[in-house]
Amino acid sequence: MNRLFLLDKLALGEIDFAIVEGNFEKEKYDYSIFSQEKYIPVCGKNYKFTSEPKILKDLLNERLIIREEGSGTREILEKNLQARNISVLEFNQLMEIGGMNAIKKLIEANMGITFLYAVAVEEKLKKRTIREIELEDFHVTHEFAFIWNKDSVFATEYVEIFKMMSKIQ
């Protein structure tokens, strides 16, 4: 589920709380930081680069596989690229996919590159079916937040749920 979908459900009262990646209007919600995650470029273990990348701009010759608009994962990428005066449209090819599992399968099949949270590809990195693309100028971490509607009468309960979930993590 993408972040905007969850924020809409929360605003409508259809869900009580959510864990979201990406940016949200902090003045509309009460929240606690659930985790801080490393955001990395990855490719398949046998992916052949046009030329071995050293910096982010070296990846522009590649096919970029990204999530759909509205996804927090995509928003994080676009904001980090924008800070470096780069757009996703500058990549040689752009492929939008609606689900992270499909993206991981395409990456494993050496169909392109992507940017994902390290925790989302931890097993594939350990099994070496994909690899991190080491870049000199791209070191990003981002927060996942546990959020609920501001001034909720159930705020105390949500904080308790957050504490229990934090212990499990």
Side-chain angles (χ1 to χ4, degrees), residues 1-11 15 18-26 28-29 31 33-147 169:
M1 272 181 248
N2 79 37
R3 174 185 48 87
L4 297 178
F5 176 81
L6 291 173
L7 294 175
D8 286 345
K9 292 283 189 192
L10 195 56
I15 60 174
I19 296 177
V20 297
E21 65 173 313
N23 300 309
F24 60 93
E25 296 176 69
K26 290 183 170 64
K28 284 187 174 182
Y29 304 96
Y31 65 94
I33 301 306
F34 186 70
S35 67
Q36 186 88 2
E37 302 296 339
K38 190 174 168 189
Y39 188 73
I40 60 173
V42 294
C43 63
K45 70 176 180 179
N46 296 318
Y47 186 79
K48 302 288 186 230
F49 287 98
T50 309
S51 61
E52 197 60 33
K54 292 187 181 13
I55 60 172
L56 185 61
K57 286 193 175 188
D58 293 340
L59 296 178
L60 295 179
N61 292 325
E62 309 304 326
R63 175 187 292 137
L64 177 63
I65 304 171
I66 57 173
R67 291 284 308 268
E68 76 284 0
E69 296 236 7
S71 158
T73 304
R74 179 177 176 150
E75 182 183 331
I76 299 306
L77 175 61
E78 288 178 332
K79 287 190 182 291
N80 277 282
L81 291 176
Q82 185 179 35
R84 293 161 172 84
N85 201 26
I86 300 172
S87 162
V88 294
L89 300 175
E90 292 180 59
F91 284 81
N92 184 33
Q93 292 180 31
L94 184 63
M95 184 184 294
E96 287 185 15
I97 303 294
M100 192 177 306
N101 287 331
I103 290 174
K104 289 190 246 183
K105 290 207 179 296
L106 290 167
I107 295 305
E108 282 182 298
N110 301 302
M111 299 296 293
I113 65 163
T114 196
F115 293 76
L116 293 170
Y117 289 101
V119 69
V121 291
E122 188 173 38
E123 284 301 311
K124 294 185 182 303
L125 289 168
K126 283 181 187 172
K127 291 179 181 174
R128 296 195 169 134
T129 60
I130 66 169
R131 61 187 167 107
E132 182 176 353
I133 304 166
E134 301 285 342
L135 299 175
E136 296 168 5
D137 64 344
F138 193 86
H139 306 283
V140 175
T141 58
H142 198 75
E143 298 172 343
F144 279 69
F146 181 93
I147 67 171
Q169 184 186 15

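No experiment lies behind these values; they were computed from the predicted model shown.
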V20 and L10: side chain to side chain contact (heavy atoms under 4.5 Å, CB included), yes or no, with the steps? CA-CA 11 Å; V20 297; L10 195 56; over 6 Å; no
So, for E68 and R74, which heavy atoms are closest and what is the spacing to 0.1 Å? O-CD, 3.5 Å
When you measure from the centre of the six-membered ring of Y29, is the NZ or CZ of K26 under 6.0 Å away and within 45° of the axis? no
Within 6.0 Å of CD in Q82, more than 12 heavy atoms from elsewhere: no
Within a 6.0 Å radius of atom CG on N85, are there more than 12 heavy atoms belonging to other residues, nucleotides or ligands? no
Tell me whether the rings of Y39 and F138 are parallel (<30°), tilted (30 to 60°) or perpendicular (>60°). tilted
How are the rings of Y117 and H142 set relative to one another: parallel (under 30°), tilted (30 to 60°) or perpendicular (over 60°)? tilted
Between the side chain of [X] and the main-chain N/O of [Y], is any donor-acceptor distance below 3.5 Å?
X: N110; Y: Y47; value: yes
X: D58; Y: I55; value: yes
X: E90; Y: S87; value: yes

Answer yes or no: is there an ion pair linking E123 with K104, defined by an N-O contact shorter than 4.0 Å? no
To the closest 0.5 Å, what do you measure between [atom1] ([X]) and [atom2] ([Y])?
X: I130; Y: E122; atom1: CD1; atom2: CD; result: 11.0 Å
X: I66; Y: I103; atom1: CD1; atom2: CD1; result: 8.0 Å
X: M100; Y: T114; atom1: CE; atom2: OG1; result: 8.5 Å

Check I113, L135, N61, L60 against P53 for a side chain to side chain contact (heavy atoms under 4.5 Å, CB included) and give me the one that passes. L135
